[in-house]
There are 2 protein chains.
Amino acid sequence: MTTRTALLDAAEHAARTRGFDAFSYADLSRAVGIRKASIHHHFPAKADLAHALISRYRESFALSLKSICEMNETAGARLSAFLDSYRSALSGGEAVCLCVAFSTGRDSFQDPVLAELDGFHRDCLAWLENVFTQALQDKSVSGAGAADAEASACLALVEGAQLIARAARDPRRFDDATTVFRGRLVNRN
Amino acid sequence: MTTRTALLDAAEHAARTRGFDAFSYADLSRAVGIRKASIHHHFPAKADLAHALISRYRESFALSLKSICEMNETAGARLSAFLDSYRSALSGGEAVCLCVAFSTGRDSFQDPVLAELDGFHRDCLAWLENVFTQALQDKSVSGAGAADAEASACLALVEGAQLIARAARDPRRFDDATTVFRGRLVNRN
DNA sequence: GTCTATAGACTGATAGAC
DNA sequence: GTCTATCAGTCTATAGAC
């Protein structure tokens, strides 16, 4: 593994557990085992690190959504897998997804990072809207309404559930918050 | 207005728009018009300020929930007013409620503050559970399931919706995320 | 690519005069 | 209660040797 990748991994972990502004190059230095100054060789400013982080995350998340579609046929099964991925991102209640972590500290960021963050949200909402549109056909989500409204509500629900679970350091809070929604999903595949 | 109150007001505004760790005594100094050192007379450590903030907020929120119950009869109308209060806390997309702001920066806080924050969550969930229990009787929320599950989902929804709206600096995102839920409320009073 | 050394700004916090 | 002055610690970032 390259030093650059090790730095990105350590930074992602720190950002998701403590927030982007709450870790320093000194923390990364300790985690990866090189000096602070050496990190600046890979990411001259912390803004460069932020951009690399969110950009890598956006790409990997897009792949993950694609994989969900390949492995699940019905809208209900796809949404169930979507919930699972947000649930597993909690890491036992210690972390939130990078998207939530960056949303809470949005002030620190400049245009290139904000654009990538907005792009992430758009990707996610577009995918959800597609799946909820499919749900109207295949009847695999009970009581499904307008696809765009359902998509917005679903994203807010999982992000809010992550926030609450991490605040309580208890992933069961995520399960509590998503119980009603899960009950609407017809889980045959 | 006392200096102490002016400091709390300025701190609350800063915490809700930028986060508790993102403002300094220097910022408060500028906002209120006294020197940094003078702030330490009112709040010796920043942790004392955090405690005073969340404690004041918890009390005023409890009063606000009580007022909602006095002014609205049905569960549907009460939940609609609950949504309104979270929606108006957005301040045009610039802020989140103090509870969300403190949840995102939970690492910075010590026990007395965390206890108050947890208490706030408990208060809020207990109130919601009561209202959803009422909804099973008065039929003012369509498709209502188990009260505790509905309460957890409702809190996650409004907190997630605030997060997304503030990230986009656009309060309409809050409306988008809460459209489906609003549609379930029977709004006669 | 990694290092030592350092700069310059900001943080929360304290001492002591008025 | 507010002030000036100052502290030690942290932060991001840079210069230049190896």
Side-chain angles (χ1 to χ4, degrees), chain A residues 1-56 98 101-102 104-114, chain B residues 1-56 98 101-102 104-114:
Chain A
M1 182 166 58
T2 66
T3 303
R4 185 190 156 88
T5 303
L7 285 168
L8 283 173
D9 290 347
E12 181 174 325
H13 182 259
R16 288 176 48 185
T17 52
R18 291 184 289 147
F20 186 78
D21 293 322
F23 76 86
S24 67
Y25 273 30
D27 296 324
L28 293 187
S29 166
R30 255 166 267 140
V32 173
I34 63 174
R35 294 293 182 165
K36 278 195 301 172
S38 310
I39 304 177
H40 286 279
H41 171 76
H42 299 276
F43 305 101
K46 210 183 172 187
D48 300 314
L49 174 57
H51 189 260
L53 265 187
I54 189 70
S55 160
R56 182 178 80 151
L98 198 65
F102 269 51
T104 64
R106 215 189 123 108
D107 296 302
S108 340
F109 304 126
Q110 302 292 329
D111 244 4
V113 176
L114 293 183
Chain B
M1 183 166 57
T2 66
T3 302
R4 185 191 156 87
T5 304
L7 285 168
L8 284 173
D9 290 347
E12 181 174 324
H13 182 259
R16 288 176 48 186
T17 51
R18 292 184 287 147
F20 187 78
D21 292 323
F23 76 87
S24 67
Y25 273 31
D27 296 323
L28 293 187
S29 166
R30 254 165 268 139
V32 173
I34 63 174
R35 294 293 183 164
K36 275 198 306 171
S38 309
I39 304 176
H40 285 279
H41 170 76
H42 299 276
F43 305 101
K46 212 184 171 188
D48 299 314
L49 174 57
H51 189 260
L53 264 187
I54 189 69
S55 160
R56 182 178 80 150
L98 198 66
F102 270 51
T104 64
R106 215 189 124 108
D107 296 304
S108 339
F109 305 126
Q110 302 293 330
D111 243 5
V113 176
L114 293 183

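Here the structure is a predicted model, which is why all the values come from computation and not from measurement. Here is the naming used below: chain letters follow the sequence lines, and residue numbers restart at 1 for every chain.
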- Would you kindly give the NE2-to-C1' distance between His42(A) and dC3(C), to the nearest whole Å? 12 Å
- Message: Between Thr5(B) and Arg56(B), is there a side-chain heavy-atom distance shorter than 4.5 Å?
- Response: yes
- Message: Run the salt bridge (Lys or Arg N to Asp or Glu O under 4.0 Å) test against Asp107(B) and tell me which residues pass, sequence neighbours left out.
- Response: Arg166(A), Arg169(A)
- Task: List in chain and number order the residues that pass side chain to side chain contact (heavy atoms under 4.5 Å, CB included) with Arg30(B), two or more places apart in sequence or in another chain; answer none if no residue qualifies.
- Result: Ala26(B), Asp27(B)
- Examine dT2(C): is either OP1 or OP2 under 4.0 Å from a nitrogen or oxygen in the side chain of His41(A)? Give yes or no. no
- Item | From dT4(D), dT2(D), dT2(C), nucleotide with atom closest to Thr3(B) side chain | dT2(D)
- Query: Within this structure, what is the CZ-to-C1' distance between Arg30(B) and dC10(C), rounded to whole angstrom?
  - Reply: 11 Å
- Message: Output the rounded distance in Å from CG (Leu49(A)) to C1' (dC11(D)).
- Response: 15 Å
- Task: Ignoring backbone atoms, establish whether Ser38(B) has a side-chain N or O less than 4.0 Å from OP1 or OP2 of dC3(D).
- Result: yes
- Item | Atom pair NE2 (His51(A)) and CG (Asp48(A)), whose distance is rounded to the nearest 0.5 Å | 9.0 Å
- Rounded to the nearest Å, what distance is computed from the CZ atom of residue Arg35(B) to the C1' atom of nucleotide dA13(C)? 17 Å
- Query: Base, backbone or nothing for each nucleotide of nucleotides 12-18 of chain D, written B, S, -, heavy atoms under 4.0 angstrom, 5' to 3'?
  - Reply: BBBB---
- Message: Parallel, tilted or perpendicular: which one describes the rings of His40(B) and Tyr25(B), with boundaries at 30° and 60°?
- Response: tilted
- Kindly determine whether Phe20(A) and Lys46(A) satisfy side chain to side chain contact (heavy atoms under 4.5 Å, CB included), including the steps that lead there. CA-CA 10 Å; Phe20(A) 186 78; Lys46(A) 210 183 172 187; 3.9 Å; yes
- Query: Roughly, in whole Å, what's the span from CD1 in Ile39(A) to P in dT2(C)?
  - Reply: 10 Å
